[in-house]
Amino acid sequence: QSHALGTFQWDDFLAKMVKSVFKREHVKKRKNAFNRHHSDRYIRVATSWRKQRGIDSVVRRKWRGNIPMPNVGYGTDKRTANIHPDGFKHLVVFNVSDLTQLTTQNL
């Protein structure tokens, strides 16, 4: 593209942009959502997760062939949590004190 100052080179612009030094791959342990037990069987039961608390519940007792319950093992690695695909943590700054806090944390 040309303008009054000459031609604008996108390659030069992108080479000078800030690049992330973050190289670790973000691993998702589970892609599917945890659905509520029997939400597929009854319309009146919403899909949002509810922990099973009944004494005879096969989900709570973790019987074979039943839906898995969320637990700490499905957690995200702290080093890759809240990092976008471009390699940066995107944070919203509302005031100057938020900005000074970011500079002290080196984010």
Side-chain angles (χ1 to χ4, degrees):
Q1 296 178 3
S2 63
H3 48 54
L5 298 175
T7 59
F8 181 76
Q9 298 295 327
W10 274 107
D11 297 332
D12 295 337
F13 176 72
L14 292 174
K16 293 176 184 174
M17 284 180 56
V18 177
K19 290 190 175 155
S20 172
V21 295
F22 182 76
K23 302 291 183 196
R24 188 177 301 274
E25 184 178 349
H26 186 75
V27 177
K28 296 236 178 196
K29 296 182 184 174
R30 181 179 167 88
K31 294 189 180 208
N32 299 336
F34 288 99
N35 290 331
R36 186 175 175 181
H37 185 50
H38 284 324
S39 65
D40 56 340
R41 182 177 289 188
Y42 303 109
I43 295 174
R44 64 182 176 262
V45 179
T47 59
S48 59
W49 175 254
R50 298 290 189 275
K51 182 173 172 60
Q52 301 299 302
R53 294 184 174 87
I55 59 171
D56 295 329
S57 173
V58 292
V59 175
R60 184 190 59 78
R61 292 163 71 178
K62 299 178 182 166
W63 282 17
R64 253 183 320 165
N66 286 287
I67 60 172
M69 292 204 318
N71 56 40
V72 72
Y74 290 105
T76 306
D77 187 0
K78 285 183 182 179
R79 295 170 291 189
T80 58
N82 302 318
I83 293 183
H84 286 245
D86 61 1
F88 291 102
K89 284 190 178 183
H90 292 235
L91 301 168
V92 180
V93 176
F94 290 104
N95 51 38
V96 178
S97 64
D98 290 349
L99 192 59
T100 55
Q101 183 180 7
L102 285 177
T103 55
T104 57
Q105 293 177 356
N106 292 327
L107 291 178

| When Q52 is tested against each of N66, V58, V59 for side chain to side chain contact (heavy atoms under 4.5 Å, CB included), which residue passes? | V59

| Within a radius of less than 6.0 Å around CG of N82, do more than 12 heavy atoms belonging to other residues, nucleotides or ligands occur? | no

| Nearest heavy-atom pair of R30 and P68: which atoms, and what distance? | NH1-CG, 3.7 Å

| message | Under the rule for side chain to side chain contact (heavy atoms under 4.5 Å, CB included), what residues qualify as partners of N95, not counting sequence neighbours? | response | S97, D98

| By salt bridge (charged side-chain N to carboxylate O under 4.0 Å, His left out) - contacts of D77 (at least two apart) | R79

| query | Any salt bridge (charged side-chain N to carboxylate O under 4.0 Å, His left out) pairs touching residues 49-58, not counting sequence neighbours? | reply | none

| task | Return yes when atom NZ of K28 has more than 12 non-hydrogen atoms of other residues, nucleotides or ligands closer than 6.0 Å, and no otherwise. | result | no

| Partners meeting side chain to side chain donor-acceptor pair (under 3.5 Å) with T47 (sequence neighbours left out) | none

| note | Sorted by chain and residue number, the side chain to side chain donor-acceptor pair (under 3.5 Å) partners of R60 (sequence neighbours excluded) come out as none

| Donor-acceptor contact present, side-chain K29 to main-chain T76, <3.5 Å | no

Donor-acceptor pairs are to be reported for all side-chain atoms of residues 31-45 against protein atoms at under 3.5 Å, with residues two or more places apart or in another chain.
{"unit_1": "S39", "atom_1": "OG", "unit_2": "R36", "atom_2": "O", "d": "2.8"}

| Can you name the closest pair of heavy atoms from M69 and W49 and give their distance? | CG-CH2, 3.7 Å

